[in-house]
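To keep things clear, I will list the structure first and then write my remarks on it.
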Amino acid sequence: MPELPEVETIRRQLDPLLGGRTIVSVESHPAANFVSATDAQGARIDGVGRRGKYLIVPLEDGRELIIHLGMTGSLRIAPPGDRGDRYVRSRWELEGGDVLEFRDVRRFGRIAVVDAGDYRSLPTLARLGPEPLSPGFDGDVLWAGLKRSNRRVKTQLLSQRPVAGVGNIYADEALFRAGVNPALRRVTRAQAGRLAPAITAVLSEGIEHGGTTLRDYRTVSGEQGGHQFHLLCYGRAGEPCVNCGEELSGRVLDGRSTTWCRSCQPR
DNA sequence: GTTGCGTCCTGGACGC
DNA sequence: TGCGTCCAGGACGCAA
């Protein structure tokens with residue numbers, strides 16, 4: 001399930017492969033989530049950028065190709081004639097014959113072509129919080145974002161408003177490292193001060209390891225990420241806490257599976 | 001504007 | 001072996 005580290009890993013691999021190339025033809029699944037892919041036909045790609053979990057591909061004509069990988073989306077550069085499997089949702093044929101292929105089993109991904117910066121059709125992107133890897137992101141910025149709402153702190157992180165790019169895996173990991181209970185509705189300045197660097201750290205380490213592969217995620221070159229071997233909390237309910245040895249707890253919180261340590265992350 | 005919940009989607013795990 | 005049920009979860013729409 002691609003979060004910021006997985007999307008950034010893909011961005012770094014795609015950028016040198018796509019920059020300066022022209023999209024000569026496009027095929028797309030007819031579903032509303034994907035069909036806009038065809039709008040990029042004939043455009044020249046300027047590079048590959050990212051905001052949160054969104055890949056943003058600037059086009060020379062002043063528009064942007066936006067790709068969100070959803071839960072099971074992946075991108076690869078396929079050789080000419082390679083049609084992929086039945087889960088390929090969009091194919092952009094590039095000048096020279098290679099094909100940029102978007103594969104998405106569960107069809108939760110999304111593709112849009114918009115005028116640069118006009119994200120009205122993508123409300124989450126339009127209201128996206130600060131980039132957690134930018135120099136300006138710290139405890140004060142996070143606290144200002146969190147204290148505007150009364151929702152649980154984990155639910156707020158997943159909303160992409162207080163900070164961009166955090167999904168279920170890295171939210172659990174960051175809250176665990178910061179010693180912040182995921183169900184808290186009011187976070188103190190001190191807790192935000194611990195949580196912000198924890199978010200930055202887990203995301204940075206996720207990038208260093210090439211992302212987290214639990215099932216579907218693959219890099220552009222088809223490799224699995226390596227961060228699943230470094231998770232301290234997510235998905236480890238019932239196992240001993242690496243800090244205190246107490247059994248990690250698990251429950252569904254606002255519809256999302258959540259793991260935490262009752263001892264290290266008290267209410 | 002905020003909050004909480006349902007919906008989309010499909011492969012895999014699991015129980016019978 | 002085959003069938004039915006449940007689960008995973010990011011974004012978004014809707015009702016309160």
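Numbered from 1 within each chain, the chains take letters A, B, ... in sequence-line order.
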> Tell me, which pairs form a salt bridge (Lys or Arg N to Asp or Glu O under 4.0 Å) where one or both residues lie in residues 246-265 of chain A, sequence neighbours left out?
Replying inline: R152(A)-D254(A)
> What integer distance in Å separates R106(A):CZ from dC7(C):C1'?
Replying inline: 9 Å
> Counting only Watson-Crick or G-U wobble pairs whose two distances fall under 3.5 Å, which nucleotide matches dG13(C)?
Replying inline: dC5(B)
> Counting side-chain heavy atoms from C-beta on, which of dG4(B), dT10(B), dG10(C) comes nearest to R151(A)?
Replying inline: dG4(B)
Can you check nucleotides 12-16 of chain C for protein contacts, nitrogen or oxygen pairs under 3.5 Å, and list what you find?
residue : atom : partner : partner atom : Å
dC12(C) : OP1  : R110(A) : NH1          : 3.1
dC12(C) : OP2  : T124(A) : N            : 3.0
dC12(C) : OP2  : T124(A) : OG1          : 2.2

> dT10(B), dA11(C), dT2(B): which one has an atom nearest the side-chain heavy atoms of R127(A)?
Replying inline: dT2(B)
>> Which residues end up grouped with L128(A) if you chain together Ile, Leu, Val, Met, Phe, Trp and Tyr wherever their side-chain heavy atoms are less than 4.5 Å apart?
In response: Y54(A), I56(A), I66(A), V114(A), Y119(A), L122(A), L125(A)
> Between dA11(C), dG9(C), dG11(B), which nucleotide has the shortest distance from any of its atoms to the side chain of K53(A)?
Replying inline: dA11(C)
>> Judged by each residue's nearest nucleotide on DNA chain B, which is more toward the 5′ side, R89(A) or T155(A)?
In response: T155(A)
>> Under 3.5 Å, is there a donor on one side chain and an acceptor on the other for K154(A) and N181(A)?
In response: no
> To the nearest Å, how far apart are R256(A) CZ and dA8(C) C1'?
Replying inline: 9 Å
>> Can you identify which nucleotide, out of dG10(C), dG4(B), dG9(C), has its nearest atom closest to the L158(A) side chain?
In response: dG10(C)
